[in-house]
Protein chains: 2
Amino acid sequence: MTPDISQPKQVRKKNRKQEIIQISLELLQTQGYENFSYQDISSALGITKASIHYHFPKKEDLGLALCGAIKQWHEDLFLNLRDSDHSAKDKLRIFVEALLSYAEGPYKVCPLSSLQADVAKLPDTLLPALQDLDRHELDFVSQVLEEGRQNGEFHFPGDAQAQASIFVLSLKGALQYSRIHGGEWISPVLQQLDQLLQASST
Amino acid sequence: MTPDISQPKQVRKKNRKQEIIQISLELLQTQGYENFSYQDISSALGITKASIHYHFPKKEDLGLALCGAIKQWHEDLFLNLRDSDHSAKDKLRIFVEALLSYAEGPYKVCPLSSLQADVAKLPDTLLPALQDLDRHELDFVSQVLEEGRQNGEFHFPGDAQAQASIFVLSLKGALQYSRIHGGEWISPVLQQLDQLLQASST
DNA sequence: GTCTATACACCGATAGAC
DNA sequence: GTCTATCGGTGTATAGAC
């Protein structure tokens, strides 16, 4: 007796909030935080601006939700990889593939890069969230590099934290340049980063 | 007679255009292209928005003038260094110091990074100008790295163009991260880049 | 939850006086 | 060259009907 359709609407409505986050995340990566509007979201979803404001009264609320989604994305990736039995090389490769999946559709960059660019106009509560995400990402890469160096998979001089910075900054920069110059910017950079992790100081 | 004050106003007014470019370049680096307005410029200079429009009717005109100023900045630096008798190491050091001078005042990044971030909303004529500036910068660094490798100053594996990309992308990324996290992000990255230019593949 | 309608601020841009 | 005044467009955000 009517057991299946007990909550048909609630399940659907719950998704609407996620739909907004999903399309907003794409808009963040393609247009930037200040350059996408509630109108863009409403056009993409086929509902009005006012409806978006029902789910996220202020744009700051939406921004925080986006940071939460990115944090979830990070944790799903980092926590799984940290305690896995993958080699350090594989851990790094999986991270790189995940980061570069941003570039699947054209003209997308890392969402953290987009937030960084608009930091001067960013709501106050978003800055600490952004700092937190940046740091966790770099800590993860730094740990993987150090682990790989200790077990002989990687060979690089100096501080692992600094090497991780160069690695992450180059990758995200390559995404940005790829959006400007179109051509295949990422492969050469990736190959060079790979070689640098097999180098030793003279 | 009356030879001295023949054109007292023209000389001064010529500077007003340069003043606008100068303050706009700073605003570009601190706020981003889409995030600074004619109102910001007029407030900083103490004249009205309409006066700014007299010198640069459309914002696109101002944007092109900014690209021209950056190009001039590049040529003054690159052409002088190219045909100088500096070592490749010194050429690279001078370039780095010039690029990092952007970070003198707080919260400034490379102006090309700012333009890249807003590429989705950039006027059509600015994209080729931006591409041109990016390419010339990378070509210069690439040539210096290759020159240094051939005369034994640098030791790095792989393609000089790819190594130059990593070098420039890391530096500009460090400027961006420095604006977010405040602390001294640049020194460790710079030191690590230096070590990577002394490494050899195993 | 979604809608219509609206308020208010800011933006780029123009007209015309001085 | 600079000003006052204003236009049209867009942005975030809110009120209230359904």
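Residue numbering restarts at 1 for every chain, and letters A, B, ... go by the order of the sequence lines. All of these numbers come straight from a predicted model, not from anything done at the bench.
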query = Atom CD1 of A:Ile52 to atom C1' of D:dT14: distance rounded to whole Å?
reply = 15 Å

ask   = Any idea which of D:dT4, D:dT14, D:dG1 is nearest the A:Ala50 side chain?
value = D:dT14

key: Spacing between B:Tyr38 atom OH and D:dT2 atom C1', to the nearest angstrom   = 15 Å

query = Whole-Å distance between C:dC11 P and B:Phe36 CZ?
reply = 11 Å

message = Given C:dA13, C:dC11, C:dC3, identify the nucleotide with an atom nearest to the side chain of A:Ile47.
response = C:dC3

ask   = Are the aromatic rings of B:His136 and B:Phe78 close, with centres under 6.0 Å apart?
value = no

task = Calculate the interatomic distance between A:Lys121 atom NZ and C:dA9 atom P; express it in whole Å.
result = 16 Å

query = Side chain of B:His55: nearest nucleotide among C:dC3, D:dT2, D:dA13?
reply = D:dT2

message = If the cut-off is 4.0 Å, is B:Ser51 near the phosphate of D:dC3, judged by side-chain N/O to OP1 or OP2?
response = yes

ask   = Base, sugar-phosphate, or nothing for A:Ser37, non-hydrogen atoms under 4.0 angstrom?
value = sugar-phosphate

key: Whole angstrom value for the distance that separates C1' of C:dC11 from CG of B:Leu62   = 14 Å

remark   = In whole angstroms, the gap separating C1' of D:dC3 from NE2 of B:His53 amounts to 14 Å

key: Distance below 4.0 Å between B:Thr48 side-chain N/O and D:dC3 OP1 or OP2   = yes

remark   = Considering only heavy side-chain atoms of A:Arg16, the closest of C:dT2, C:dA13, D:dT12 is C:dT2

ask   = Where the side chain of B:Tyr54 is concerned, which of C:dT2, D:dG1, C:dT14 is the nearest nucleotide?
value = D:dG1

ask   = So A:Phe95 and A:Trp73, ring pair (Phe, Tyr, Trp, His ring centres under 6.0 Å) or not? Walk me through it.
value = CA-CA 11 Å; A:Phe95 166 75; A:Trp73 190 90; 7.8 Å; no

request  = Nearest whole angstrom, please: distance from the P of C:dC10 to the NZ of B:Lys59.
outcome  = 15 Å

task = Rounded off to whole Å, could you give me the CG-to-C1' distance for the A:Asn35 and C:dC11 pair?
result = 13 Å

task = Report yes if some heavy atom in the side chain of B:Pro111 is under 4.5 Å from a heavy atom in the side chain of B:Tyr102; otherwise report no.
result = yes

message = Side chains of B:Arg16 and B:Ile47, heavy atoms from C-beta outward: is any pair under 4.5 Å?
response = yes

query = What orientation do A:Tyr177 and A:His181 show, parallel under 30°, tilted 30 to 60°, or perpendicular over 60°?
reply = parallel

inquiry  = For a quick test of reading the model: is some side-chain N or O of B:Lys49 closer than 4.0 Å to OP1 or OP2 of D:dT2?
reply    = no

